[in-house]
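Notes follow the structure.
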Amino acid sequence: MSLDFKPLEIPEVILVEPHVHRDDRGFFLETYHAGKYAAGGIDGPFVQDNHSRSAHRTLRGLHAQRTRPQGKLVRAVRGTIWDVAVDIRRQSPTFRRWAGAELSEDNFHQLWIPPGFAHAFVVLSEMAEVEYKCTDLYAPDDEITIAWNDPEIAVDWPLDGEPLLSGRDAAAPPLAELLDRLPVYPDAAARD
């Protein structure tokens, strides 16, 4: 089984393109292999798996954890989503920049969102189910939420109208109001 690991505009954000084996019975693919993923730049260990189902135009995010940052390996098992990672590590050379990719049940792609990045996705199909592996456990008291439409981040969301948001996501502040609560880029922390 082979896989392609493609760094996006932010090199730590990696698009995984698995090779899908199809025949008259259906298909087969590996969705995770520790050794192959580590060689492709995606280290675990993964300690929690999540699964969500969302309606068309649902936008979940931008979410992150401050002191227990989670790396996430995301895939759409039904439907299609636009998945986004935003670098929120202070003093990082790519701070406030974002990278995104379309993930779908048809392309089987996965997106690696490293620790120290905020994550969000919007549903492009009528419905989508998303599964993702996490490198740390969910800690609600450690979570921060950033405005999905923060003009300083300027994610180019492929929306055909206003998104459906949770109350928490709708009330989220811009990144500028959270600067003192954000993680520091590891190289910058080592220099201090």
Side-chain angles (χ1 to χ4, degrees), residues 6-15 50 52-76 79-104 109-125 128 130-136 138-189 192:
K6 297 183 176 180
L8 297 183
E9 298 82 12
I10 302 171
E12 297 102 326
V13 180
I14 300 170
L15 183 67
N50 297 323
S52 71
R53 180 179 176 152
S54 304
H56 179 65
R57 292 188 1 255
T58 295
L59 195 152
R60 295 182 183 268
L62 294 157
H63 302 151
Q65 291 185 178
R66 297 178 321 108
T67 62
R68 296 180 57 185
Q70 295 177 303
K72 296 178 180 177
L73 183 61
V74 183
R75 69 188 187 116
T80 304
I81 65 169
W82 177 248
D83 204 33
V84 171
V86 177
D87 188 350
I88 61 167
R89 302 167 299 168
R90 288 179 292 161
Q91 302 176 16
S92 163
T94 56
F95 180 66
R96 282 194 180 104
R97 287 185 42 206
W98 65 274
E102 185 175 290
L103 309 180
S104 75
H109 293 174
Q110 298 171 307
L111 192 63
W112 167 243
I113 297 156
F117 283 67
H119 174 236
F121 67 84
V122 65
V123 177
L124 304 178
S125 53
V130 177
E131 292 183 346
Y132 53 100
K133 305 177 92 47
C134 301
T135 60
D136 204 340
Y138 175 60
D141 293 341
D142 195 42
E143 187 173 41
I144 57 172
T145 304
I146 302 160
W148 67 275
N149 57 352
D150 184 332
E152 290 189 17
I153 299 170
V155 173
D156 186 13
W157 296 105
L159 282 164
D160 60 354
E162 287 298 308
L164 301 175
L165 302 167
S166 69
R168 181 181 61 147
D169 289 348
L175 190 62
E177 293 181 20
L178 299 168
L179 291 179
D180 62 334
R181 300 178 61 201
L182 299 177
V184 175
Y185 182 61
D187 290 349
D192 291 344

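The analysis underlying the following values was restricted to heavy atoms, covering all of them including side chains, and did not include hydrogens, waters or symmetry mates. Each residue takes its place number in the sequence, starting with 1.
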Hey, mind stepping through Leu62 and Asp150 against side-chain contact (heavy atoms from CB on, under 4.5 Å) and telling me if it holds? CA-CA 10 Å; Leu62 294 157; Asp150 184 332; 5.8 Å; no
As a quick check of understanding, evaluate side-chain contact (heavy atoms from CB on, under 4.5 Å) for Trp98 and Asp156, giving each step before the final call. CA-CA 9 Å; Trp98 65 274; Asp156 186 13; 3.7 Å; yes
Please walk me through it: do Asp136 and Arg68 pass salt bridge (charged side-chain N to carboxylate O under 4.0 Å, His left out)? CA-CA 7 Å; Asp136 204 340; Arg68 296 180 57 185; 2.8 Å; yes
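Of all the heavy atoms in Gly161 and Arg57, the pair that sits closest is C-NE, 4.3 Å. Contact detail for Ile146 and Ala118: the closest heavy-atom pair is CD1-CB, 4.0 Å. Minimum interatomic distance between Asp87 and Ser92 (heavy atoms only, all atoms of both residues): OD2-OG, 2.6 Å.
Here the options are Val130, Val74, Val122, the test is side chain to side chain contact (heavy atoms under 4.5 Å, CB included), and the partner is Asp83; only Val74 passes.
Between Trp157 and Pro163 there is no side-chain heavy-atom pair separated by less than 4.5 Å. For the pair Pro174/Glu152, no side-chain contact is recorded, criterion being any heavy-atom separation below 4.5 Å from C-beta on. Side chains of Phe95 and Leu175 form a contact here, defined as non-hydrogen atoms less than 4.5 Å apart. Counting heavy atoms from C-beta on, the side chains of Gln70 and His63 never come closer than 4.5 Å. Using a 4.5 Å cut-off on side-chain heavy atoms (C-beta onward), Leu111 and Phe121 make no contact. At a threshold of 4.5 Å between non-hydrogen side-chain atoms, the residues Arg89 and Thr94 count as touching.
Residues passing the salt bridge (Lys or Arg N to Asp or Glu O under 4.0 Å) test with Arg97: none are found, sequence neighbours excluded.
The closest donor-acceptor contact from the side chain of Ser104 to the backbone of Thr80 lies at 3.5 Å or more, if one exists at all.
Put simply, OG1 on Thr135 and CG on Leu73 are 10.5 Å apart, with the number rounded to the nearest 0.5 Å.
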